[in-house]
Asker: 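Quick one: structure below, then a few questions.
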There are 2 protein chains.
Amino acid sequence: MARAATTSDAFNAIAEPRRREILTLLIVRERPVNEIVAELRLDQPSVSKHLRVLRDVGLVRVRCDGRRKFYRTNAEAIRPLHEWAAAFERYWSHQLIRVKERAERAAAQESK
Amino acid sequence: MARAATTSDAFNAIAEPRRREILTLLIVRERPVNEIVAELRLDQPSVSKHLRVLRDVGLVRVRCDGRRKFYRTNAEAIRPLHEWAAAFERYWSHQLIRVKERAERAAAQESK
DNA sequence: ACATTACATTCCCATATAGGAATATGTCAA
DNA sequence: TTGACATATTCCTATATGGGAATGTAATGT
């Protein structure tokens, strides 16, 4: 089998750096497509395709107004990612403590 | 261009569900490959290949002991993901507040 | 009606899988 | 040495891109 589709879930969708940039841009406020194009300096079709992926997994929402479409990030859809990563939080704290302790022991050793 | 390599960064590496399972398993304690195989019921070559990807992006570390290799999750490498997602945290809080307020207004309207 | 603006979709292609099967490499035990 | 055990790598293949170019579609202005 090949790699899972980018639209299979938020984890796959955010693997693409451009899509993360779009999400960061659209969390501040909604924007029409041409503004995203101008801001990120990407081709319009490229932006539309990324937005399609983001929309498919619920990471962005659209509001239509005439011929313009305003997109905005749906923060709620990023929560699962945050929670998955947060489960490791206490471990890196521990690792930092261990690193700190080791450094302190080394410093104490050195000063002898 | 095709999709970025799974080894290009942690975001791409964790897009694969099996790799996330491996990371969750190996955060508790280090384990030799055959234990991962048994625990997750995957083929050994598959596990080795996933571990290779995880190792390339620094998400796991190895300790060799005779013919066995003990892998463990390097929590520190998950931190960037956590921080990226955390930047959206306050927005979903806001969204939740808005949803709550809307629900309350609707309820108030209904009771009239 | 017609040109223009704003987006979306389609086609083509080079590239990177992930899984399965087979094989290679490295280490220990008798 | 030889065989068993533990892990890694290589081949093969179907599939899914992401970028570029071209085209489709819908709404607006004149």
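Hydrogens, waters and symmetry mates are skipped; everything else that's a heavy atom, side chains included, is used. Below, chain A is the first sequence line, B the second, and so on; all start at residue 1.
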Asker: Go nucleotide by nucleotide along DNA chain D from the 5' end; which of Arg3(B) and Lys69(B) gets its closest nucleotide reached first?
Answerer: Lys69(B)

Asker: Without decimals, in angstroms, what is the distance between Leu51(B) CG and dA6(D) P?
Answerer: 16 Å

Asker: Which letters describe nucleotides 19-30 of chain C, given B = protein heavy atom under 4.0 Å from base, S = only from sugar-phosphate, - = neither?
Answerer: BB-B----BB--

Asker: Base, sugar-phosphate alone, or nothing: which one does Arg19(B) contact when heavy atoms must sit under 4.0 Å apart?
Answerer: sugar-phosphate

Asker: Apply side chain to side chain contact (heavy atoms under 4.5 Å, CB included) to Val53(A) and list each qualifying residue two or more places apart in sequence or on a separate chain.
Answerer: Thr6(A), Thr7(A), Ala13(A), Arg19(A)

Asker: Determine, using the 4.5 Å side-chain heavy-atom cutoff (strictly less than), whether Phe70(A) and Ile27(A) are members of one ILVMFWY cluster.
Answerer: no

Asker: Side chains of Leu23(B) and Val60(B): does their closest heavy-atom pair fall under 4.5 Å?
Answerer: yes

Asker: Separation of Arg63(B) atom CZ from dA6(D) atom P, in whole Å?
Answerer: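 For the pair Arg63(B) CZ and dA6(D) P, the rounded distance is 16 Å.
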
Asker: Figure out the CZ/P separation between Phe70(A) and dA6(C), and round it to whole Å.
Answerer: 11 Å

Asker: Using whole Å, report how far CG of Asp9(A) lies from P of dA16(D).
Answerer: 14 Å

Asker: Can you figure out which of dA16(C), dA6(D), dC7(C) approaches the side chain of Ser48(A) most closely?
Answerer: dC7(C)

Asker: It should be established whether Asn34(A) places a side-chain nitrogen or oxygen under 4.0 Å from OP1 or OP2 of nucleotide dC7(C).
Answerer: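 Yes, within the criterion.
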
Asker: Could you check how far CZ of Arg52(B) sits from P of dA6(D), rounded to whole Å?
Answerer: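 It works out to 22 Å between those atoms.
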
Asker: Keeping the roles fixed (side chain from Asp9(A), backbone from Asn12(A)), state whether a donor-acceptor pair exists under 3.5 Å.
Answerer: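 Confirmed, Asp9(A) side chain pairs with Asn12(A) backbone.
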
Asker: Side-chain N or O of Tyr71(A) less than 4.0 angstrom from OP1 or OP2 on dA8(C)?
Answerer: yes

Asker: Against Glu30(B), only a single residue in Lys69(B), Arg63(B), Arg61(B) fulfils side chain to side chain donor-acceptor pair (under 3.5 Å); can you say which?
Answerer: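 For Glu30(B), the side chain to side chain donor-acceptor pair (under 3.5 Å) check succeeds only for Arg63(B).
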
Asker: Any donor and acceptor pair, going by atom type alone, linking the side chain of Ser46(A) with main-chain N or O of Leu42(A) inside 3.5 Å?
Answerer: no

Asker: Without decimals, in angstroms, what is the distance between Glu35(A) CD and dA6(C) C1'?
Answerer: 13 Å

Asker: In whole angstrom, what separates Ile22(B)'s CD1 from dA18(C)'s P?
Answerer: 11 Å

Asker: Is the ring centre of Trp84(A) less than 6.0 Å from the ring centre of His82(B)?
Answerer: no

Asker: Grab the CD-P distance between Glu21(B) and dA18(C) for me, whole Å please.
Answerer: 14 Å

